[in-house]
Amino acid sequence: MMLGSGCLVAPKSGSAAAPAVLRTPKHPVVVASANGHPACVQTALEKILAGTPAIDAVVAGVTLVEDDPNDHSVGLGGLPNEDGEVELDASVMDGKSGLAGAVCSLRRIKNPSQVALAVMRYTDHVLLSGEGARAFARAHGFVEQELLTPEAREIWLYWKSTMSDKDDWLPKTGKDVPANVKAFFGITGTINCCAVDRDGNLAGVTTTSGLAFKIPGRVGDSPLIGAGLFVDNGVGAAGSTGRGEANIVTAGSHTVVEFMRAGKHPKDACLAACKRIVESTRAPHLLRADGKPDFNVNYYAVDRQGRYGGAALFDGGSFAVCDVKGPRTEKLEGLFDR
Ligand code: ASP
């Protein structure tokens, strides 16, 4: 048994070391990626203060963003795969029970975070994929709908028609093409939200439409426990946004939690996980001319004591936080200036 794991069962034999004294937070804290400001973090905190379990509170928070057609990184209005189908990934992890649930490549259901919660609660599994995940969601009363909003369709059509001048797709011109359409090319997007309640119980959720215009069936880090999300009730909770592939091969969120277990402040644990990504990124196509990664990854973390922080490979980002002082954004610590 590792000290600080929150386990109350004594080891069979061996170390006579006294169990670590776990301090609980003075007040609940919710952190999220920047798109969680202010509604997601505020809603989650209010629910926790009202006595809702942290896991339900964070899912309620991200549901608001999944439902927002103007956020093109998750749920309804999320950017589709290369065939124009919105495919969603999500995971939840509950520190108190030690259980997790997840779905990947889920189509036509706008709240994958709620389906992930149902997987956690109503199955003996962690991850359901594709058609199986959709059938499970339907069985639990989730309603199917078209997730590709008119604006997301225009962005996708513009991407498709400008990919090559050797095919027969011609770009539309004029008012149909959103002015900011190019801003969506090559971007990713996700919402992660983690919380600690007054008793020191931790929970987290990560939900996404994944990489815009991905190969159908591509699964990112968000639904993978240990990559896009990890929670240990004795230590802390961490989640991630950004290039999922880099996070998968370094088990990024698990790495953050392990650095917190070793005693690091959440912000420093996030920075240490960023360094791990830099060390493990060696493939030439992932490196810029100056040798730094040509992508970004962001981490967000909160520990059992209520300390929180976030970091990214590159400076310039922010994250959302809400505690008794109210919702606000704070700076993500960057490993590199640019
Ligand atoms: N991490 C997500 C993925 O790779 C995308 C993102 O957060 O931007 O699917």
Side-chain angles (χ1 to χ4, degrees), residues 31-37 40 58 62 65-66 68 71-75 77-82 85-93 102-107 112-113 116 127 129-130 133 147 152 155-156 159 183-194 204-230 238-256 270 273-274 276-277 280-281 283 285-286 293-301 310-314 316-320 332 334:
V31 293
S33 42
N35 51 350
H37 176 75
C40 166
V58 293
V62 299
V65 185
E66 289 175 337
D68 178 359
D71 187 311
H72 293 306
S73 69
V74 295
L79 290 181
N81 65 21
E82 62 183 23
E85 274 283 346
V86 180
E87 285 184 338
L88 304 174
D89 299 336
S91 63
V92 299
M93 191 160 183
V103 289
C104 63
S105 304
L106 177 66
R107 297 182 177 193
S113 64
L127 175 61
S129 71
L147 300 180
I155 294 167
W156 168 68
W159 170 82
F184 292 101
F185 284 25
I187 69 135
T188 53
T190 296
I191 181 163
N192 163 256
C193 182
C194 291
V205 55
T206 303
T207 174
T208 189
S209 51
L211 192 59
F213 321 128
K214 61 195 172 189
I215 295 173
R218 177 265 185 189
V219 174
D221 56 327
S222 307
L224 304 182
I225 297 299
L229 179 69
F230 194 69
S240 173
T241 61
R243 182 180 154 82
E245 283 72 7
N247 202 26
I248 292 170
V249 295
T250 55
S253 294
H254 182 263
T255 300
V256 173
C270 291
C274 290
R276 187 68 64 78
I277 287 181
S280 74
T281 303
H285 73 284
L286 297 175
D294 74 347
F295 55 83
N296 204 4
V297 173
N298 315 289
Y299 290 111
Y300 320 91
L313 295 189
F314 294 98
S318 61
F319 67 103
L332 282 173

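Just so you know, ligand 1 is whichever comes first in the structure, and atom 1 is the first atom listed for that ligand. Just so you know, these numbers use all the heavy atoms, side chains as well, and skip hydrogens, waters and symmetry mates. By convention here, the first residue in the shown sequence is residue 1.
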Of all residues at least two apart in sequence or in a different chain, which pass the side chain to side chain donor-acceptor pair (under 3.5 Å) check with S91?
none

List in chain and number order the residues that pass side chain to side chain donor-acceptor pair (under 3.5 Å) with E245, two or more places apart in sequence or in another chain; answer none if no residue qualifies.
R218

Consider every N or O of [X] and every N or O of ligand 1, then say whether any pair is closer than 3.5 Å.
X: S240; result: no
X: G210; result: no
X: R243; result: no

Does the side chain of T190 pick up a donor-acceptor pair with the side chain of T241 at under 3.5 Å?
no

Hey, does the side chain of K214 reach the backbone of E87 with a donor-acceptor pair shorter than 3.5 angstrom?
yes

Nearest heavy atom to atom 3 (C) of ligand 1, choosing from D221, N247, L88, belongs to D221

Minimum heavy-atom separation for N192 and G239, please, with both atom names.
ND2-CA, 3.4 Å

Which of the ligand 1 atoms, numbered from 1, are nearer than 4.0 Å to a heavy atom of G220
9 (O)

Ligand 1 atoms in contact with T241 (distance to a heavy atom under 4.0 Å)
7 (O)

Say whether R218 and ligand 1 are in contact under the criterion: heavy-atom distance to a ligand atom below 4.0 Å.
yes

For the residue pair F213 and W159, does the interplanar ring angle fall in the parallel (under 30°), tilted (30 to 60°) or perpendicular (over 60°) class?
parallel

